[in-house]
Amino acid sequence: MRINNDNLKFIINDIVLYARNIILALSLGVLPIVVQAAPYQTYVIHTYGGEALLPAVRQQLGTSTDGGTVATYQDKLVLRTTATNYQAVQQLLTQIDGQPQALTVAVRVGNNATSQSSIQQGRVIISNRSIQGAAIINQRDSQQQNNSMYQVQTLSGSAASISTGTLYSLTQSYQANIYPTYNRPAGQIVIQQQMLLPTTQGIQVTPRLLPNGQVEVNLSQTEEKLVIANNSNNQSFHNQNQNIYNGSNAVKRQGLNSTIIVPRGQWVDIGQITQSSQNQSSSYGNSRNSNSSNSAPISLLVQ
């Protein structure tokens, strides 16, 4: 086949035009390459930490290109991600999610009462010959100590509580005068009112074992006691399971809320309440002094 000069020029022009079009297309941009993402699947992982693991798992998913979501149901993690990310999360959990250790928490609340009283009596006799004096000093000291112990076992990171309660049934009596009328003599009536007073003693703790072997303890402690005032006109006595009294009553409460880090196996003093009073009275020839103090030291032990 013979190609003359004119046909050759047309072929060369077509080749040049095609080449220019390719160069123009390349200069305008590169054709996008579509890569299909890995499919998401749902995975359920049983854990010890549960919700406490969410920040670490979300950070792990956020660093990957495929990403994913995580939620909790009870103590399980529910993942929606790729198989590769699932394997990475599993490796992370083997490092940070271990079986929690059992810890025993003991709280000791003391009640130390000390009182001291002294009475001085003096007598002076004046006669024509001399002045004579005599003095009598009586002193009395007393001490009383008792402790309340609360002990509970739980897992590291889990809350636990132990308590006892007493419900006091009280009958308070009132006297009312009846004034005489034309058909009724004077007299008195006694009105009795039933009251229920609850008291509670116990602790609520959340211990968490730290990597250095110490224990962080979130502690709440309460101790309540019924106090009934007695005096010469108001008498109180106990009859079986019922208190019958004429007077005032109160519930004395002592409480503590604290978060503290303690070593294992050692008693640590974490608080103390101290109350003291001093009374002094005197009259001609007589004087009376009394001092009293009451302290409630609180100690903590974790094993």
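Note that these values count all heavy atoms, side chains included, but never hydrogens, waters or copies made by symmetry. This structure is a prediction, so every number in the text was calculated from the model and none was measured.
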Sidechain-backbone polar pair: [X] side chain, [Y] backbone, donor-acceptor under 3.5 Å:
X: Asn218; Y: Val205; value: no
X: Gln214; Y: Val262; value: no
X: Ser64; Y: Asn85; value: no
X: Tyr86; Y: Thr42; value: no
X: Asp75; Y: Thr47; value: no
X: Gln303; Y: Thr104; value: no

Atom [atom1] of [X] and atom [atom2] of [Y]: how far apart are they, to the nearest 0.5 Å?
X: Ser299; Y: Gln272; atom1: OG; atom2: CD; value: 9.0 Å
X: Thr72; Y: Leu54; atom1: OG1; atom2: CG; value: 5.0 Å
X: Arg80; Y: Leu61; atom1: CZ; atom2: CG; value: 13.0 Å
X: Leu256; Y: Leu300; atom1: CG; atom2: CG; value: 9.5 Å
X: Tyr168; Y: Leu226; atom1: OH; atom2: CG; value: 5.5 Å
X: Glu223; Y: Ile273; atom1: CD; atom2: CD1; value: 9.5 Å

Taking all non-hydrogen atoms of both residues, which atom of [X] and which atom of [Y] are closest, and how far apart?
X: Ala88; Y: Gln60; answer: CB-NE2, 3.4 Å
X: Gln221; Y: Val109; answer: NE2-CG2, 3.6 Å
X: Pro207; Y: Ser158; answer: CD-O, 3.6 Å
X: Ser163; Y: Thr200; answer: CB-CG2, 4.3 Å
X: Val44; Y: Lys76; answer: CG1-CD, 3.9 Å
X: Tyr43; Y: Thr81; answer: CE1-O, 3.6 Å

Kindly indicate whether the side chain of [X], heavy atoms from C-beta on, has any atom under 4.5 Å from the side chain of [Y].
X: Leu77; Y: Val57; answer: yes
X: Thr222; Y: Gln201; answer: no
X: Ser169; Y: Leu196; answer: yes
X: Asp269; Y: Ile298; answer: no
X: Ile203; Y: Ser220; answer: no
X: Trp267; Y: Arg108; answer: yes
X: Val217; Y: Leu103; answer: no
X: Arg58; Y: Thr69; answer: no

Give a yes or no on whether [X] and [Y] share a hydrophobic cluster (residues Ile, Leu, Val, Met, Phe, Trp, Tyr; joining criterion: side-chain heavy atoms under 4.5 Å apart).
X: Val105; Y: Ile270; value: yes
X: Leu209; Y: Val302; value: yes
X: Ile45; Y: Ile96; value: yes
X: Tyr150; Y: Ile260; value: yes
X: Val107; Y: Ile162; value: yes

Quiz prompt | Option from Val268, Leu210, Val215 for which side chain to side chain contact (heavy atoms under 4.5 Å, CB included) with Ile261 holds | solution = Leu210
